[in-house]
Amino acid sequence: MSFTKARTMPGVMELLPLDQIALQNLLDTVRRNFERFGFLPIETPAIEFSNVLLTKSGGETERQVYFVQSTGSLKQGEVPELALRFDLTVPLARYVAEHEAQLTFPFRRYQMQRVYRGESAQRGRFREFYQCDIDVIGKDALSVRFDAEIPAVIHSIFSELKIGAFTIQLNNRKLLRGFFEQQGIADNQQQMLILREVDKLDKRGPGRVRETLTSADFGLSAEAVDAILAFVGTRSSGHQDALAKLAAIAADNESLRVGVAELREVLELVRAFGVPETNYALNFSIARGLDYYTGTVYETTLDAHPEIGSICSGGRYEDLASHYTRSKLPGVGISIGATRLFWQLQQAGLARRGQSHVQVLVAQMDAAELPRALGLATQLRMAGINTEVQLESKKLARQFQYADRAGIRFVVMQGADELANGTVAVKDLRRGEQFAVAEAELIKTLRVEIEQSRVMGDAALPAAAAVVAP
RNA sequence: GUGGAUGUAGCUCAGCUGGUUAGAGCACUGGAUUGUGAUUCCAGGGGUCGCGGGUUCGAAUCCCGUCUUCCACCCCA
């Protein structure tokens with residue numbers, strides 16, 4: 001008999017239960033903070049009509065879209081009618097256009113779902129992954145103040161995740177465009193091409209970016225490249241410094257003036273939102289590849305792990321749903337790639353295994369006493385303690401081994417000795433200690449132990465390693 | 001899509017210039033008598049050496065093809 005190789009396609013993440021718990025803890029933290037800031041949940045289907053998803057056809061997205069078709073409706077040579085979503089922003093645009101009449105604006109939604117991209121396989125690159133998005137969509141207009149609220153949400157999430165110091169890098173597309181105009185680079189396409197290169201500044205260093213920009217493809221003079229590199233090299237340290245850097249810009253065109261003004265307002269409000277000044281900074285090389293950003297753009301990085309790159313990014317767009325409706329719907333939002341983030345944290349040693357949700361295993365000491373063990377388990381469950389019972393008769397050693405491997409910390413035993421004197425034995429597998437308590441005290445004792453275990457579980461870790469602790 | 005690597009047990013790998021029945025560590029299963037795990041000791045299961053073809057008396061080893069996975073570019077979370 002030959003077996004089919006049991007395997008998943010490359011680019012998908014599949015986890016063992018304790019790692020799954022760790023990922024879910026991460027997702028729970030994100031969701032909790034989204035809700036704390038007043039964002040409401042929606043879900044959209046994984047499958048959408050192809051023409052809805054591919055409004056801006058051509059380019060990267062089309063290459064990466066998975067088309068979907070039922071076997072019955074296969075038609076040779078035609079573009080399938082359906083496709084898997086490749087992000088959550090396009091479905092949001094469709095959603096808002098479709099339900100506009102029933103939504104209240106500004107519409108604040110969060111969405112945490114999986115998206116699909118036909119990427120070629122590479123480290124940390126997934127074909128199926130979670131995106132956690134928040135967006136605020138305005139009707140006709142949306143104040144730049146909302147741009148300042150986003151970093152407050154980011155700060156709240158990453159503080160709670162405890163993955164170390166992080167910086168929310170801020171920039172503004174209008175500022176960049178204005179600057180390019182000032183340099184005599186007026187062509188929109190040309191600006192985009194330069195933006196893409198500039199965006200790689202922190203990853204590749206100024207040397208290689210200079211090399212690319214001075215190449216024949218760009219047709220820029222050495223002086224122009226110098227000016228660009230000097231400008232986009234701007235980084236601020238601290239709030240006052242950021243304001244000073246903005247003040248130093250000689251704005252001689254409208255776009256540049258507006259960009260500076262927007263950034264200034266965002267900075268002031270970010271501070272007022274209570275984000276510590278160590279957690280945000282100007283970075284004029286942040287451009288974001290996506291075409292639709294028009295104003296503020298964000299990227300968040302971990303100070304101690306620059307190799308991870310951006311862990312959360314987004315920005316402002318002027319018209320979200322122009323392909324679906326005449327209404328003008330500006331918005332601002334961010335996306336966290338939770339699957340990749342989790343993977344990166346694991347690689348960097350910042351994620352640890354989750355703890356089993358099973359808090360207690362009631363051992364089976366004597367097959368005849370199984371009903372008694374079941375009754376004990378029921379009592380524990382009614383007290384809110386997640387409990388599993390040893391249902392098969394096995395040597396006690398095996399029962400301990402099972403609990404240990406499954407990550408269950410406490411084993412409760414009530415054998416002949418304990419029954420005789422009305423006690424229950426509790427073994428703490430992590431500490432390797434065992435003690436006896438009166439049966440009436442069991443629940444109270446376990447609650448204390450479990451609470452202690454929860455608190456100690458966090459405290460025992462270095463500050464930067466507690467990510468996914470429950 | 002372009003360029004470069006890779007493939008031996010579930011995992012990490014060894015296997016010299018071709019030579020008997022392809023090895024190790026970890027993992028797994030069982031045992032070391034009565035109610036105590038992760039440590040120790042003993043035993044055991046597990047591999048068409050990615051696949052196809054060629055050279056040879058003989059191929060995991062050499063050659064060709066093919067597939068796979070991975071890395072860089074592109075793009076992105």
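First the proteins, then the strands, lettered A, B, ... as listed; each starts at 1. FYI, side chains are in, hydrogens and waters are out, and symmetry mates aren't considered; it's all heavy atoms of this structure.
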Residues that Arg431(A) engages under salt bridge (charged side-chain N to carboxylate O under 4.0 Å, His left out), provided they are two or more places apart: Asp428(A), Glu433(A), Glu449(A)
Is any side-chain N or O of Glu418(A) under 3.5 Å from a base N or O of G35(B), one able to act as donor and the other as acceptor? yes
Roughly how many Å apart are C74(B) and C67(B), using the P atom of each and rounding to a whole number? 26 Å
Ile408(A) atom CD1 is separated from G37(B) atom P, nearest whole Å, by 16 Å
Which whole number of Å gives the distance between the P atom of G31(B) and that of C16(B)? 40 Å
Tell me whether Arg32(A) is salt-bridged to Glu160(A), with the criterion being a basic N under 4.0 Å from an acidic carboxylate O. yes
Between Tyr293(A) and Arg173(A), is there a cation-pi geometry (under 6.0 Å to ring centre, at most 45° from the normal)? no
Side chain Arg340(A) and base C76(B) donor-acceptor under 3.5 Å: yes
Any donor-acceptor N/O pair under 3.5 Å between U36(B) base and Gln399(A) side chain: no
Counting the atoms with a prime plus P, OP1 and OP2 as sugar-phosphate, which does Ala403(A) contact under 4.0 Å by heavy atoms, base, sugar-phosphate, or nothing? nothing
Write down the distance between CD (Gln390(A)) and C1' (G37(B)), rounded to a whole number of angstrom. 13 Å
Side-chain atoms of Lys200(A) come closest, of G35(B), C74(B), U69(B), to C74(B)
Closer than 4.0 Å, any side-chain N/O of Lys203(A) to the OP1 or OP2 of C74(B)? no
Per atom distances to the Gln401(A) side chain, the nearest of U29(B), G37(B), G30(B) is G37(B)
Indicate for each nucleotide in nucleotides 39-45 of chain B, in 5' to 3' sequence, whether protein heavy atoms under 4.0 Å reach the base (B), only the sugar-phosphate (S), or nothing (-). -------
Just to be sure I understand the rule, does Phe126(A) reach a base, reach only the sugar-phosphate, or reach nothing, if contact means heavy atoms closer than 4.0 Å? base
Taking atom P of U36(B) as reference, at what distance in whole Å does atom CZ of Arg409(A) sit? 22 Å
Ala304(A): what forms a side-chain contact (heavy atoms from CB on, under 4.5 Å) with it, not counting sequence neighbours? none
Given the P atoms of A14(B) and C62(B), what is the spacing between them in whole Å? 14 Å
Report yes if a donor N or O on one partner sits less than 3.5 Å from an acceptor N or O on the other, where the partners are the side chain of Arg125(A) and the base of C70(B); otherwise report no. no
Identify, residue by residue, the members of residues 128-136 of chain A with a heavy atom below 4.0 Å from RNA chain B, and return them in order of residue number, or none. Phe129(A), Gln131(A)
Classify the nucleic acid contact of Gly309(A) as base, sugar-phosphate or nothing, counting any heavy atom under 4.0 Å across all strands shown. nothing
Would you say the rings of Tyr110(A) and Phe34(A) are close, in the sense that their centroids are separated by under 6.0 Å? yes
Taking only the side-chain nitrogens and oxygens of Arg117(A), find out if one of them lies under 4.0 Å from OP1 or OP2 of C74(B). no
Under 4.0 Å, heavy atoms only, any strand: does Ala416(A) hit a base, just the sugar-phosphate, or nothing? base
From the list A38(B), C73(B), U36(B), which nucleotide is the closest neighbour of the side chain of Leu396(A)? U36(B)
Can you list everything that forms a salt bridge (charged side-chain N to carboxylate O under 4.0 Å, His left out) with Lys427(A)? Sequence neighbours excluded, please. none
Between G44(B) and U8(B), how many Å separate the two P atoms, rounded to a whole number? 26 Å
What's the gap between U6(B) and G15(B) when it is taken at their P atoms, as a whole Å value? 14 Å
C73(B), G37(B), C28(B): which one has an atom nearest the side-chain heavy atoms of Arg204(A)? C73(B)
Pairwise C1' distance for U48(B) and A9(B), with rounding to whole Å: 13 Å
Pairwise C1' distance for A38(B) and A60(B), with rounding to whole Å: 37 Å
Using atom P in both nucleotides, what's the gap between G54(B) and G23(B) to the nearest angstrom? 28 Å
With a non-hydrogen cut-off below 4.0 angstrom, is Asp366(A) in contact with a base, only sugar-phosphate, or nothing? nothing
If you take the centroid of each ring, where Trp contributes its six-membered ring, are Phe284(A) and Phe231(A) closer together than 6.0 Å? yes
Here the distance between atom C1' of A38(B) and atom CG of Leu18(A), to the nearest Å, is 15 Å
Those stems involving RNA chain B that have three or more consecutive Watson-Crick or G-U pairs, both distances under 3.5 Å, are B:1-5 with B:69-73, B:10-13 with B:23-26, B:28-32 with B:40-44, B:50-54 with B:62-66
